[in-house]
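The next block holds one structure in the form of structure tokens; read it before the comments.
Below, chain A is the first sequence line, B the second, and so on; all start at residue 1. In this text, all values refer to a predicted model and were calculated from it rather than measured experimentally.
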There are 2 protein chains.
Amino acid sequence: MTQPRRARKATPALPGDGTAAARAPMREALAEAAFQLFLEHGFERTTVDDIVARAGVGRRSFFRYFPSKEDAVFPDHESSLAEMTAFLEARPDGDPLDRVFDAARIVLRMYAANPEFSVQRYRLTREVPGLRTYELSVVRRYERTLAGYLRRRLGAAPDGSLRAEMIASAVVAAHNNGLRAWLRSGGSGDARLAVEHAFALVREVWAGRIDPLGPPPPPVVALPAAGGADGEVVVMVASRRTPLWRVVQELEAVLAEG
Amino acid sequence: MTQPRRARKATPALPGDGTAAARAPMREALAEAAFQLFLEHGFERTTVDDIVARAGVGRRSFFRYFPSKEDAVFPDHESSLAEMTAFLEARPDGDPLDRVFDAARIVLRMYAANPEFSVQRYRLTREVPGLRTYELSVVRRYERTLAGYLRRRLGAAPDGSLRAEMIASAVVAAHNNGLRAWLRSGGSGDARLAVEHAFALVREVWAGRIDPLGPPPPPVVALPAAGGADGEVVVMVASRRTPLWRVVQELEAVLAEG
DNA sequence: CGAGGCTATGGCACTGAGTACCCCATGTAA
DNA sequence: TTACATGGGGTACTCAGTGCCATAGCCTCG
């Protein structure tokens, strides 16, 4: 079986890059062919050769667009994750809880944009251990993104890192609880209702327990080198007049992500 | 690559079964050889052939004891998970929060029992995407176990399922936050301190938000057939004088686990 | 217009995990 | 002794994923 493999091998210039899915007919064709076959014959009994045969392309091309067979089932998460990251970077101010809710809504919208596909994929994922595991790792990346943002906002407060991770996990749990209820229902009804209800519980539990006024939006950007591991390098960019404590806080936040 | 593969193929009578690790010299030898090689040459550059060569056994035997290469890195989680499940089944009464904390402490004890091993494994896991993913799926199983227990205790309350999942995720997040801090420190200090501190935050956040007196310990046992999927069968055992609402609640709890 | 270069794709060939199937040794019961 | 169960070994196969190279289209610069 396979997984996110290398967490993301720095995305070596995907062919149809740019705005992700857009302008990538081959990628779409492959994902479509793969999903159809998975539905027809099951994930495990479908080989990559079957997929490329249906798509009418070379086997090697499949792995140019999808690092693993599992990736073809979740062709949209990568861009969704990028969107979430960009959103939190672009608008780090305001109530932290509101921000992470907004960020989570991005994911929900992605699911709601294609109800039938989402439901079918949900059923498929439920039955294939490999896909469940893959989805787990995707969800985890969302959670880490949220936690990273919250850590930056709460880093200075006592237990900032702990609180950040607990809130992120609560938001993810709430989101997934609502989402799964909708998916189980076959896509009938409004996915947002259940999720917003769940978010309300998160807010009820955590509101008031977060520094009423978090620190200002970070003027510091720390970029952990992709790949991580031992010889990792962190590049920080900060305005010269950034107070030292902010730099330290940011550094701690990045390092604590490990 | 590989993963938990088949989530657990019903554990078809492991050779050295019974009390798990105990009385399974071959399994131990394999895990030991594997771990040494992983540390020396890295996980991915070590093949199963290397492992069985060092252990002096046949290749086929490796897969009799470990469904995948990754499993050899976490030889103790299976029994830990079983212990947690047994604990929650044996003592379902009392404060639900206390119970899930106790359950989580089982896992912590397992880590703390072998500090050097745990720390080395932590470092190894950090660097190998496949192991990270594997660990994720293990953690998820713990979380589901806790959520399942909580769902049984809160199932009748409004939003019982949602609350159960949020609390379970909070406990896991707290546990992992403390555990990781300890692991990052190289195993110096007391792992329990950080974890107990984190648990205190969970209690602070959730105490009072749980039905002060949850329903009595469930006299109903529902066993979802291993394997799940479509033709799934649920076997329920209940005393004849169990009130109907309890049976329904239990059934809902099991079905909601999907 | 042609040479060089870049990009997208196809085509092997190879590694290595995981599995199916069958064999063998040993211990045990009849 | 035979009959059989159990734990382990061996072989051959499938298939995901990777490295390397070839080729076809396209663009640009001279």
Side-chain angles (χ1 to χ4, degrees), chain A residues 1-18 23-30 33-34 37-38 41-74 128-131 133-134, chain B residues 1-18 23-31 33-34 37-38 41-73 128-131 133-134:
Chain A
M1 104 134 54
T2 80
Q3 230 51 36
R5 285 275 163 191
R6 3 234 114 277
R8 201 65 12 214
K9 55 168 33 175
T11 316
L14 272 183
D17 80 331
R23 200 65 48 77
M26 188 148 197
R27 188 180 150 89
E28 301 238 346
L30 280 166
L37 286 168
F38 295 160
H41 310 120
F43 180 81
E44 331 213 60
R45 262 168 314 172
T46 302
T47 72
V48 173
D49 291 283
D50 297 338
I51 299 170
V52 297
R54 171 171 295 203
V57 302
R59 165 186 166 76
R60 198 64 187 77
S61 292
F62 178 88
F63 291 104
R64 259 192 273 275
Y65 287 96
F66 302 102
S68 78
K69 214 172 93 177
E70 283 83 353
D71 283 274
V73 180
F74 303 91
V128 181
L131 292 180
T133 304
Y134 182 96
Chain B
M1 112 127 66
T2 80
Q3 231 51 38
R5 285 271 160 194
R6 2 231 114 279
R8 202 58 21 204
K9 55 167 35 174
T11 317
L14 273 182
D17 81 331
R23 200 64 47 76
M26 188 147 199
R27 187 181 151 91
E28 301 237 345
L30 281 167
L37 286 169
F38 294 160
H41 308 121
F43 180 80
E44 330 213 60
R45 261 168 315 171
T46 303
T47 71
V48 173
D49 292 282
D50 298 338
I51 299 170
V52 297
R54 172 171 294 203
V57 302
R59 166 186 165 76
R60 195 60 189 74
S61 291
F62 179 88
F63 291 104
R64 257 192 273 275
Y65 287 96
F66 301 102
S68 78
K69 216 172 92 177
E70 284 83 353
D71 283 273
V73 180
V128 181
L131 291 179
T133 305
Y134 182 95

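- Within the 4.5 Å cutoff, the side chain of Thr133(A) has no heavy atoms near those of the Tyr134(B) side chain.
- Here the nucleotide nearest the side chain of Ser61(A), chosen from dA16(D), dA17(C), dT9(C), is dT9(C).
- Here the nucleotide nearest the side chain of Arg60(A), chosen from dG11(C), dA16(D), dG16(C), is dG11(C).
- Comparing atom distances between the Val48(A) side chain and each of dA17(C), dT11(D), dA16(D) picks out dA16(D) as nearest.
- Side-chain atoms of Arg45(B) stay outside donor-acceptor range of the base of dG16(C), with no qualifying N/O pair under 3.5 Å.
- Each of Met26(B) and Arg59(B) lies near DNA chain D, and the nucleotide nearest Met26(B) is the one positioned closer to the 5' end.
- Whole-Å rounding puts the Asp49(A) CG to dC12(C) P distance at 13 Å.
- Judged by distance alone, with hydrogens and angles left aside, Arg64(A) brings a side-chain donor or acceptor within reach of the base of dG10(C), the pair sitting under 3.5 Å.
- Side-chain contact annotation: Asp71(A) with Tyr65(A), donor-acceptor N/O pair under 3.5 Å absent.
- Summarising the geometry, the separation between OH on Tyr134(B) and C1' on dA17(C) is reported as 15 Å, rounded to the nearest angstrom.
- Whole-Å rounding puts the Leu37(A) CG to dC15(D) C1' distance at 16 Å.
- In terms of heavy atoms, Ile51(B) sits closest to Ala33(B) at O-CB, 4.1 Å.
- In this structure, Asp50(A) CG and Arg59(A) CZ are separated by 11.0 Å, a value rounded to the nearest 0.5 Å.
- At whole-Å resolution of the value, CZ in Phe63(B) and C1' in dG10(D) are 14 Å apart.
- Taking atom CD1 of residue Ile51(A) and atom C1' of nucleotide dA16(D), one finds them 11 Å apart after rounding to whole Å.
- A straight line from CD of Glu44(A) to C1' of dT19(C) spans 13 Å, rounded to a whole angstrom.
- Looking at Val73(A) and Phe38(A), their side chains come closer than 4.5 Å, going by heavy atoms from C-beta outward.
- Whole-Å rounding puts the Phe62(A) CZ to dG11(C) C1' distance at 17 Å.
- Between the CG atom of Asp71(B) and the P atom of dA17(C) there is a distance of 14 Å, given to the nearest Å.
- Checking dG10(C), dT9(C), dA16(D) against every side-chain atom of Tyr65(A), the shortest atom distance belongs to dT9(C).
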